[in-house]
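To start, the structure under review is shown below, and the notes come after it.
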Amino acid sequence: MAQNLKLLVPLHVSYIQNLGKSQDELAYHLTAHLRMNAIYWGLTALCIMGHKDALDREEMIEFVMSCWDEEAGGFGAHPDHDAHILSTLSAIQILIMQDALDRLDVDRVVKFILSLQQPSGVFAGDSFGEVDTRFLYCAVNALSLLGRLSEMDTERAVSYISECRNYDGGFGATIGAESHAAQVFVCVAALAILDRLDVVDQQTLCWWLSERQLPNGGLNGRPEKLEDVGRLVLPCGLTERGIMTWIDSEKLASFILSAQDPELGGIADRPGDMADVFHTQFGVAGLSLLGYPGLVDLDPVYCMPASIIEARGLRKGWKALPRKSL
C-alpha cells in the first residue's frame, strides 16, 4: 500500500458541504432516518480537520431544533420523525460543538433519556423498546455531557454491561450476543465515563482487539469479516486502555488513506467502495488518534473534539499516539 498518500482535506470538506445539496436524489430521502447522525458525523469530521465553519452554524442549529419531538421530549432524525436516543445524542453533541446548548430544554431531554432505562439496566432506543448496548452508551454519553449522569441508575447499567462481556474479553449488543468491535467501543466508552473500567478484562480484550488487524492494515469488526474503516471505533477502545502500540499504526493509517475518493472526496469503508459521511468521520477520527499531522485532537470516549470535552471537565485517561509534524 502506498506510503505517500495524504489526507485530502479540501476534497473532504467539499464533499461534506455538498451532502446537503442533493435533495433531488432518491438516496437523500432514503437516508432521512440518519440525517441527524449524518450532520453530527460531518460536523465532527470538519472540526477534526480544522474546518468547523465550513457549514452554516445557524442553518445547522435551526435544522436540529426542527427535529424536536415535543410530545416525547427528545429529537428525531428528521422533522416529523419520532424521538430516538441515537438522534437525541447527536443533537446534543451538535449543539455543544456549536455552542448553542442554551437552545435545549435540558430537563425534558433528561426526562426522556431516563424514561428509556429498563429494569435490567440497559436502555431502549425509543418507546418501541428495542434494547442495545449502543443505546446505553448514548444515554451515558448524553447525560454526562449535560451534567446529569447522577440521575440515572449507574449500577444497573454497569451490571448489564458486565453481563454482555464474553469469554474473549469483548462485548456484545445484548447479553449472550457475540463480541463486535462497535459494541466493544460503546461498552468500554460507557464504562470509562462511569469510571468503572475495572469491569474490563484488559489483557483478554487487548488480545481480541489486536487480532482484528488484517495483513492490509485494516481492522475488522469480528473474526472472519472484511476490513472496514468504520471499525475505527477500535482504536477508540484501544486508546482508552492505552494500547495503541498493540497494532501497526502506519499500516492502519495507510489503509484509511487508501479508502479516500480522490475525485469527489469522502472516505469509504474500504478501497474501491463509495464514500459516505459515516466512514469519512471515523476515518478522520482514526487518523487523529493515530497522530496524523495537522489534525485536531479527538476525544475517543465521547467522539468529539478533545478541547470541548476538556473544557467541560470530562476528560478520561485515554491516550492517542503523538501528533506527527507536517
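We're numbering straight along the sequence, starting at 1. Heavy atoms only: backbone and side chains are in, while hydrogens, waters and symmetry mates are out.
Taken together through direct or relayed side-chain contacts under 4.5 Å among Ile, Leu, Val, Met, Phe, Trp and Tyr, L264 and V277 form parts of separate hydrophobic clusters. By the criterion of side-chain heavy atoms lying less than 4.5 angstrom apart, applied directly or through intervening Ile, Leu, Val, Met, Phe, Trp or Tyr residues, L11 is not grouped with V284; the two fall into different hydrophobic clusters. In the hydrophobic cluster analysis, where Ile, Leu, Val, Met, Phe, Trp and Tyr join through side-chain heavy atoms closer than 4.5 angstrom, W207 is grouped together with L197. At a threshold of 4.5 Å between side-chain heavy atoms, the hydrophobic network of Ile, Leu, Val, Met, Phe, Trp and Tyr places L8 and L295 in two separate groups. No chain of hydrophobic side-chain contacts below 4.5 Å, direct or via other Ile, Leu, Val, Met, Phe, Trp or Tyr residues, connects L214 to W246.
Q93 places no side-chain N or O within donor-acceptor distance of the main-chain N or O of N141, the cut-off being under 3.5 Å. A donor-acceptor pair under 3.5 Å links the side-chain atoms of D168 to the main chain of G170, judged by distance alone. Within the 3.5 Å criterion, the main-chain N or O of G172 finds a donor-acceptor partner in the side chain of T133. Judged by distance alone, the side chain of Q118 and the main-chain N or O of L116 form a donor-acceptor pair under 3.5 Å. Under the 3.5 Å distance criterion, the side-chain polar atoms of D261 are left unmatched by any main-chain donor or acceptor of G266. Under the 3.5 Å distance criterion, the side-chain polar atoms of S210 are matched with a main-chain donor or acceptor of C206. The closest donor-acceptor contact from the side chain of S144 to the backbone of L149 lies at 3.5 Å or more, if one exists at all. Remark: the backbone N or O of G125 is not paired with any side-chain donor or acceptor of R134 at under 3.5 angstrom. Using a distance-only test at 3.5 Å, with no hydrogens or angles considered, no donor-acceptor pair links the side chain of Q117 to the main chain of L114. Using a distance-only test at 3.5 Å, with no hydrogens or angles considered, no donor-acceptor pair links the side chain of D132 to the main chain of F135.
Taking both residues in full, the closest heavy atoms of G73 and F112 are given as O-CB, 3.4 Å, listed atom of the first, atom of the second, then distance. The minimum heavy-atom distance between G221 and W208, with the atom names listed, is O-CH2, 3.5 Å. Scanning both residues, V200 and F171, for their nearest heavy atoms gives CG2-CZ, 4.5 Å. A pairwise comparison of heavy atoms in Y292 and L5 identifies OH-O, 4.4 Å as the closest pair.
Its side chain within the 4.5 Å cluster rule, L30 clusters with L26 among the Ile, Leu, Val, Met, Phe, Trp and Tyr residues.
With a 4.5 Å cut-off on side-chain heavy atoms, C47 and L43 count as touching. Between V229 and F255 the shortest side-chain heavy-atom distance falls below 4.5 Å. N166 has its side chain out of reach of Q183: every pair of non-hydrogen atoms, C-beta onward, lies at least 4.5 Å apart. The shortest distance between side-chain heavy atoms of L298 and L289 falls below 4.5 Å. For the pair P223 and E211, the minimum side-chain heavy-atom distance is 4.5 Å or more.
Residue pairs meeting the side-chain hydrogen bond (donor to acceptor under 3.5 Å, both in side chains) criterion with at least one partner in residues 60-70, sequence neighbours excluded, are E62-R103, W68-E70, E70-R108. Pairs of residues two or more places apart, or lying in two chains, that qualify as salt bridge (charged side-chain N to carboxylate O under 4.0 Å, His left out) and include a residue from residues 169-194 are E178-R222. Under the ring-ring contact (aromatic ring centres under 6.0 Å, His included) criterion, the residue pairs touching residues 6-44 are W41-F278, with sequence neighbours excluded. For residues 136-148, the set of pairs meeting the salt bridge (charged side-chain N to carboxylate O under 4.0 Å, His left out) definition, not counting sequence neighbours, comprises D107-R148, R148-E151. Among residues at least two apart or in separate chains, there is no salt bridge (charged side-chain N to carboxylate O under 4.0 Å, His left out) pair with a member in residues 33-47.
In this structure, R323 pairs ionically with D297, as a charged nitrogen and a carboxylate oxygen lie closer than 4.0 Å. Using a 4.0 Å cut-off between a side-chain N of Lys or Arg and a carboxylate O of Asp or Glu, K251 and D248 do not qualify as a salt bridge. Ionic pairing of D299 and K316 is not present here: no N-O contact between side-chain nitrogen and carboxylate oxygen is shorter than 4.0 angstrom.
Within 6.0 Å of CD on Q203 lie no more than 12 heavy atoms contributed by other residues, nucleotides or ligands.
Side-chain atoms of Q281 and T44 form no donor-acceptor pair, as typed in the model, at a separation below 3.5 Å.
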Checklist entry - Could you walk me through whether M65 and F75 pass the side chain to side chain contact (heavy atoms under 4.5 Å, CB included) check? => result CA-CA 8 Å; M65 298 313 300; F75 289 91; 4.2 Å; yes

